[in-house]
Amino acid sequence: DVKVTQSSRYLVKRTGEKVFLECVQDMDHENMFWYRQDPGLGLRLIYFSYDVKMKEKGDIPEGYSVSREKKERFSLILESASTNQTSMYLCASGTGGHEAFFGQGTRLTVV
Amino acid sequence: AQSVTQLGSHVSVSEGALVLLRCNYSSSVPPYLFWYVQYPNQGLQLLLKYTSAATLVKGINGFEAEFKKSETSFHLTKPSAHMSDAAEYFCAVRYTDKLIFGTGTRLQVFP
């Protein structure tokens, strides 16, 4: 089975902190994604990566950056956390543009 | 650009009743379509996918969906709801290497 692992299920951070969300996949997938999930808005794509060191902005990249130094790992960085970034963050991986496999999610609260 | 519309943010059915969750897409090319399910505090799990092989697609847990090009629809159905089907359901369309999601439909099942 494909496994996508997010480093934390729950996080509480303070406003202004730099926050790292880590995601690791074990299926050698080229593509990796970070989505944000909010009630009534569904999943919105923040960034995705189609290869090591390659990235592309999604629909809501403002306030976020990403890093992909190794194929299996894709990190989402909140440079200076703000309360409006309180949300559920979902990482996914996939190949060939077909279905994506999701991690369990990280529920981030910024206080 | 591709987009997905899910009609009805909440659907309630009795146990044993038909489940119908609606999804319409906009796509300028033949689409790849997906339904995902999310149980509370978990990531998304693939229910089924349409990749142009057959218009009626069967998925896990007794769900199926029918691709209707003339109606640009990909509605999800299950003949008889079970209490364990209570969850949030997301329709998605592939756009290049990205998945574009609808806003989700929360299914409640009453005994």
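In what follows, chains are A, B, ... by sequence order, proteins preceding strands, each numbered from 1. Everything numeric in this text was worked out from a predicted model, so none of it was measured.
- Contacts between A:Tyr10 and chain B at a heavy-atom distance below 4.5 Å involve the side chain alone, from C-beta outward.
- In this structure, the portion of B:Leu46 lying under 4.5 Å from any heavy atom of chain A is its side chain and not its backbone.
- Proximity to chain A (any heavy atom under 4.5 Å) is restricted, for B:Glu88, to the side chain, taken from C-beta onward.
- Among the candidates A:Asp38, A:Leu41, A:Asp59, the residue making the largest number of heavy-atom pairs closer than 4.5 Å to chain B is A:Leu41.
- Residue A:Arg44: no heavy atom, backbone or side chain, is found under 4.5 Å from chain B.
- B:Phe101 and A:Tyr35 have their aromatic ring centers within a separation under 6.0 angstrom.
- Look at B:Lys78 and B:Glu64 and you find no salt bridge, because none of the NZ, NE, NH1 or NH2 atoms lies under 4.0 Å from a carboxylate O.
- Checked against the 6.0 Å centroid criterion, the rings of B:Tyr89 and B:Phe63 qualify as a close aromatic pair.
- For B:Tyr36 and A:Phe102, the distance between ring centers is under 6.0 angstrom.
- The shortest side-chain heavy-atom distance between B:Leu76 and B:Arg22 does not fall under the 4.5 Å cut-off.
- For the residue pair A:Thr106 and A:Gln6, a side-chain donor N or O sits within less than 3.5 Å of a side-chain acceptor on the partner.
- Interface remark: A:Glu30 contributes no atoms to any contact with chain B (heavy atom separation under 4.5 Å).
- At a 4.5 Å heavy-atom cutoff, B:Gln45 makes no contact with chain A through either its backbone or its side chain.
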